Amino acid sequence: MSNMLNVREAIACIKVGAPDMDGGAALHLNGDDAPVLTPLGANMNIAYLVDDGASLVYVQARHLDQLDGRRDRLARLGLRNLMKLAGERMKVRTYNNIYAVFLDGHFEASLTLLNELWDETLAGMVPNGPIVAMPTRDVLAFCDAESRQGIAELQDMVARVWRDGTPDHALSRDLFYRTEQRWKTMRSASMR
């Protein structure tokens, strides 16, 4: 694999467990071949992907030489590029008591990584804070934390996505709430 991947174009992407590098089974690579991952907890990681024109390619350890080996620079670039993509393509649609977020079919759930988006851009839509569902990488929906109907609709949506088994690019069956710029599962802690 080439070192020619331009890591300055990397976009931060939420992934579960070990990433699937080639469309097949998840691979466990070490050394220079290992994808650069930032742990999030709950078996989720942030991976960094670059669109090479034909597919999305993982930034691997070998590519970090472009950033003087600095993972923190890659993390900042990945979030900045995700925010740029959101600014260019993100659309939010209302469905009954929930909001559905549309981006590009790859990075919807990753929008949960953007503090500015939730603290500023979307904050007016959910004055009591957001409850979020991200069952797959390309499905993101949210409602106000005080909306019982919205929470029920999010739970129903997650159940539909997972109805026939594990969906492609699965992330979580859980709903998440936001506290102190972090997401926590509703089942793991009390919201208040």
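Everything numeric in this text was worked out from a predicted model, so none of it was measured. Numbers here simply count residues along the sequence, with the first being 1. Computed over heavy atoms, backbone and side chain alike; hydrogens, waters and symmetry mates excluded.
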**Student:** Can you tell me if Trp183 uses its side chain to pair, donor with acceptor, with the backbone of Val132 under 3.5 Å?
**Tutor:** no
**Student:** Taking all heavy atoms of Ala10 and all of Leu74, pick out the closest pair and write down the distance.
**Tutor:** CB-CD1, 3.8 Å
**Student:** Going by side chain to side chain donor-acceptor pair (under 3.5 Å), name the pairs with one or both residues in residues 151-165, residues two or more places apart or in two chains.
**Tutor:** Asn97-Glu153
**Student:** Has Arg76 got more than 12 heavy atoms of other residues, nucleotides or ligands less than 6.0 Å from its CZ?
**Tutor:** yes
**Student:** Let me see the working for Met83 and Glu116 under side chain to side chain contact (heavy atoms under 4.5 Å, CB included), right down to the final yes or no.
**Tutor:** CA-CA 9 Å; Met83 188 63 159; Glu116 181 181 328; 3.4 Å; yes
**Student:** Are Thr136 and Val161 side-chain neighbours, meaning at least one heavy-atom pair lies under 4.5 Å?
**Tutor:** yes
**Student:** Would you check if there is a donor-acceptor pair between the side chains of Tyr48 and Thr38 at a distance under 3.5 Å?
**Tutor:** yes
**Student:** Contact between Leu56 and Val50 at the side-chain level, heavy atoms closer than 4.5 Å - yes or no?
**Tutor:** no
**Student:** Using 4.0 Å as the upper bound for N to carboxylate O, is an ion pair formed by Asp72 and Arg70?
**Tutor:** yes
**Student:** Tell me the salt bridge (charged side-chain N to carboxylate O under 4.0 Å, His left out) pairs involving residues 120-144, sequence neighbours left out?
**Tutor:** none
**Student:** How far apart are the closest heavy atoms of Glu108 and Leu103, and which atoms are they?
**Tutor:** OE2-N, 2.8 Å
**Student:** With side chains defined as the heavy atoms from C-beta onward, is the minimum distance between Lys15 and Ile46 less than 4.5 Å?
**Tutor:** no
**Student:** Measure the shortest side-chain to side-chain distance between Val158 and Leu175 over non-hydrogen atoms and say whether it is less than 4.5 angstrom.
**Tutor:** yes
**Student:** Under the side chain to side chain contact (heavy atoms under 4.5 Å, CB included) rule, what do Phe107 and Leu113 come out as? Steps first, then yes or no, please.
**Tutor:** CA-CA 10 Å; Phe107 296 101; Leu113 299 171; over 6 Å; no
**Student:** Decide side chain to side chain contact (heavy atoms under 4.5 Å, CB included) for Asp119 and Arg178; before the verdict, give the C-alpha distance in whole Å, the side-chain angles of both, and the deciding distance to 0.1 Å.
**Tutor:** CA-CA 10 Å; Asp119 294 344; Arg178 189 168 166 79; 3.2 Å; yes
**Student:** What are the two closest non-hydrogen atoms of Asp174 and Ser172, and how far apart are they?
**Tutor:** N-OG, 2.9 Å
**Student:** Check step by step if side chain to side chain contact (heavy atoms under 4.5 Å, CB included) holds for Ile11 and Asn81.
**Tutor:** CA-CA 5 Å; Ile11 300 173; Asn81 292 335; 4.0 Å; yes
